[in-house]
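Only one structure is covered here, and it is reproduced in the block below.
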Amino acid sequence: MAYLDHAATTPMLPEAIEAMTAQLAVTGNASSLHAAGRRARRTVEEAREALADALGARPSEVVLTSGGTEADNLAVKGLYWARRDADPRRVRVLASPVEHHAVLDAVHWLGEHEGATVEYLPVDRYGRVHPEALRDAIERDPSSVALATVMWANNEIGTVMPVRELAEVARDFDVPLHSDAVQAFGQVPVGFADSGLAAMTVSSHKIGGPYGIGALLLGREYSPVPVLHGGGQERHVRSGTLDVPAVAAFAVAGRLAAERREGYAREIGALRDELVDAVVTAVPDAILGGDPAPEGRLPANAHFTFPGCEGDSLLLLLDAQGIECSTGSACTAGVAQPSHVLLATGTDPDLARGTLRFTLGHTSTRADVEAVAKAIGPAVERARTAGLS
Ligand SMILES: Cc1ncc(COP(=O)(O)O)c(C=O)c1O
């Protein structure tokens, strides 16, 4: 088997499994005052410190959530509500059009139900938002901007955004900028304090931690209106009893992701380059998606468009050979839709149907690349023939 869908989820690290299983046997609600509760609280706070350290933040800036989706919703909706409540003129939400659905659909919902005016920032052919584009959009009417949101790195085509420069522009106008760093964490440096961001999303299951846990890094000066109301556990912006075993394991994965990032990025980048070479050798008209420059894309991402193919057919043909990857785009009612990311980069919709995303991770080996090298040529040939019949 060659698992090449690490951007969807990556296997848990043994160290994270160990931390999680140790905690599963321990009882304690981190909000309880007795000894068991205090023990759970200590585990949570140590984990928070480790996460803050791994993400270049202060512990008080780590708001634990149920994952990336919840953190994105809290940032986008919560900051919108707080900013609009403070000044009703602030209704503009500026977003990149290549965001993950957790941001894109939250932004869209604000437009449909909460009176937001959503404006999509222009992107170049690699899906990148340039700082001037953000400046132009804010400058049209700075006092009406509620927030801006631009992901750190794209989950489909791997393009890395100039987040620090974008944050500088946002700061010039006192506009909070949120960035979804779910795919960036562990692959490129994502220091929160250095970034100048107001808020940043991370998720555990993308870095070798368990599912169902993530965090919103949130500057102390921001108080988003909560999406979940209840016990007020996390800085009164996020309620819910904390999942102590998951929090402990997330922290271990986060620490290792930060410690190993440099060497990992180098090694996985070299393996990814081999995969790209192998695919382009086998299928010379395959088009590499995203920025071809190594510094402009995630080291573990390889995205291709195969003219004349349906991505779904290709995916299933490869799956039958034991190779697991993704088309990168979502299905609506079982019908493959061209990816909104590719459409935003100006790709022809017909061409955009023939995409495959290979994403590598900590368990990837040269044997995985060799399996793709062997299978991709015949799979594309079959998918093309199927497309003609
Ligand atoms: C860029 C990005 N944002 C958000 C998410 C959602 O994260 P989670 O699965 O933790 O809800 C994902 C996961 O696919 C992602 O790739």
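Counting starts at 1 for both ligands and their atoms, in listed order.
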(message) Would you call the rings of His6 and Tyr3 parallel, tilted or perpendicular, taking 30° and 60° as the class edges?
(response) perpendicular
(request) Report the part of Thr69 (side chain from C-beta onward, or backbone N, CA, C, O) that has a heavy atom under 4.0 Å from ligand 1; answer both or neither where that applies. (result) both
(request) Please name the pair of heavy atoms, one in Leu351 and one in Thr347, separated by the smallest distance, quoted to 0.1 Å. (result) CB-CG2, 4.2 Å
(message) So, taking the atom named CZ in Arg41 and the one named CG in Leu33, what distance separates them when rounded to the nearest 0.5 Å?
(response) 10.5 Å
(message) Once rounded to the nearest 0.5 Å, what's the spacing between atom CG of Leu271 and atom OG of Ser364?
(response) 6.5 Å
(message) Yes or no: does Glu99 have any heavy atom under 4.0 Å from an atom of ligand 1?
(response) no
(request) Could you tell me which atoms of ligand 1, counted from 1 in the order shown, lie closer than 4.0 angstrom to a heavy atom of Gly67? (result) 10 (O)
(message) Which of the numbered atoms in ligand 1 are under 4.0 angstrom from any heavy atom belonging to His205?
(response) 8 (P), 9 (O), 10 (O)
(request) Indicate, as side chain, backbone, both or neither, the part of Glu70 found under 4.0 angstrom from ligand 1 when only non-hydrogen atoms are considered. (result) neither
(message) Assess whether a salt bridge exists between Asp291 and Arg128, defined as any Lys/Arg side-chain N lying under 4.0 Å from an Asp/Glu carboxylate O.
(response) yes
(message) Can you report which non-hydrogen protein atom sits closest to atom 13 (C) of ligand 1, along with the distance?
(response) Lys206 NZ, 2.7 Å
(request) Take the angle between the ring planes of His205 and Tyr211 and call it parallel below 30°, perpendicular above 60°, tilted in between. (result) tilted
(message) How close do Glu139 and Phe173 get, counting heavy atoms only, and between which atoms?
(response) CG-CZ, 3.5 Å
(message) Tell me the nearest of Val103, Thr65, Leu104, Asp180 to atom 2 (C) of ligand 1, using heavy-atom distances.
(response) Asp180
(request) Run the salt-bridge test on Glu168 and Arg164 with the 4.0 Å N-O cut-off and return the result as yes or no. (result) no
(message) Quick check on contacts: which atoms of ligand 1 are under 4.0 angstrom from a heavy atom of Ser203?
(response) 8 (P), 10 (O)
(request) Give the residue and atom name of whichever protein heavy atom lies nearest to atom 15 (C) of ligand 1, and the separation in Å to one decimal. (result) His100 CD2, 3.3 Å
(request) Give the numbers and elements of all ligand 1 atoms closer than 4.0 Å to a heavy atom of Asp72. (result) 3 (N), 4 (C)
(request) Report, in ascending order of atom number, the atoms of ligand 1 lying under 4.0 Å from any heavy atom of Gln183. (result) 1 (C), 15 (C), 16 (O)
(request) Run the numbers for me: atoms of ligand 1, each under 4.0 Å from some heavy atom of Gly68, listed by number. (result) 7 (O), 8 (P), 10 (O), 11 (O)
